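Counting convention: from 1, in listed order, for ligands and their atoms alike. In this text, all values refer to a predicted model and were calculated from it rather than measured experimentally.
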Amino acid sequence: MTTNSTLALDVLAIAAHRDDVEQTCAGTLLKMAERGHRTGILDLTQGEMGTRGTAEDRASEAAEAARILKVSWRQALDIPDGRVENTWENRLKIVRILREQRPRVLILPYWEGRHPDHYTASILGYEAAFLSGLAKLDVAISHQPSVISAQKTVPTKTVPTIGASASVEGHGFSRAEETPQESGASAPKSLAPHRPFKIIYASLYRDVRPTFVVDITDQFETRFASLMAYKSQFTDQDAGSGIFPAQKEIRARVESMARFYGMMGGVTYAEPFVQKEVGLVDDVMAIPVKSI
Ligand SMILES: [Zn+2]
């Protein structure tokens with residue numbers, strides 16, 4: 001694996017297609033990276049079925065988008081574009097990544113949608129996350145390189161050790177309760193079982209009420225720039241002009257959606273998520289979002 005794989009990821013987003021993450025949860029990933037967390041993106045397909053551009057074009061565009069979003073790791077699997085299927089083989093491909101990258105938080109697509117690849121990616125990701133925790137499931141190490149270089153995005157944060165939860169205040173969680181081998185600094189190179197602590201679903205593609213939104217007001221412009229890094233898809237051109245909106249229209253749409261979810265949260269721009277669990281509150285005085 002790449003040299004940066006010795007550090008566990010804090011947040012990993014999985015999506016069917018290159019640019020799905022940029023459209024649904026990139027502001028959140030950027031915000032986490034800016035807070036010193038290690039973020040990653042796993043694209044299940046390489047985009048070879050796209051109307052515009054080749055898989056190679058999309059690989060370089062995805063690498064550029066990753067750089068803009070300050071992600072530490074990004075890779076694309078070889079699952080056929082337009083044919084994301086929930087098979088044992090595909091689950092194992094994702095298990096391998098989860099065990100290598102060991103994310104604390106996993107972002108999956110919402111489990112319903114128009115595009116079969118999107119909702120299948122959701123179920124596939126969930127089932128892989130479950131399998132990944134099974135001690136008796138043995139999965140060999142992979143040799144696929146990350147599409148982004150290793151050194152530049154490794155943050156300078158120190159990984160908290162046992163009893164050092166105060167050093168991650170404001171980040172919403174702490175690794176302090178975990179065993180030492182679960183912490184980022186000492187993630188094992190062998191593929192030991194690993195299950196993400198939290199799974200959240202990026203729901204922007206689906207008209208569903210989110211359980212929470214993430215304020216991306218400060219990240220919105222950079223997030224939009226990461227989407228525009230997909231020049232083969234979003235630059236105004238003749239190919240596919242019947243199905244692809246012009247760039248000005250894309251900007252308006254992306255902004256409208258972010259404003260809509262921002263209004264729900266009482267901020268300017270936000271991204272929507274669904275979680276299956278209830279929210280746990282420690283202090284009712286600190287619950288955000290005005291009621292009346
Ligand atoms: Zn997609």
Strictly under 2.8 Å, is any N, O or S atom of D117 next to the Zn ion (ligand 1)?
no
N/O/S atom of H17 under 2.8 Å from the Zn ion (ligand 1), yes or no?
yes
What distance do Q233 atom CD and R18 atom CZ have between them, rounded to the nearest 0.5 Å?
11.0 Å
Write the atom name of the N, O or S atom in D20 that is nearest the Zn ion (ligand 1).
OD1
Candidate list I107, I94, L77, test side-chain contact (heavy atoms from CB on, under 4.5 Å), partner I14, passing option
I94
Donor-acceptor pair between Y269 and E255 side chains, under 3.5 angstrom
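Per modelled atom types, Y269 and E255 side chains form a pair under 3.5 Å.
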Is there a donor-acceptor contact under 3.5 Å linking the side chains of E127 and N86?
yes
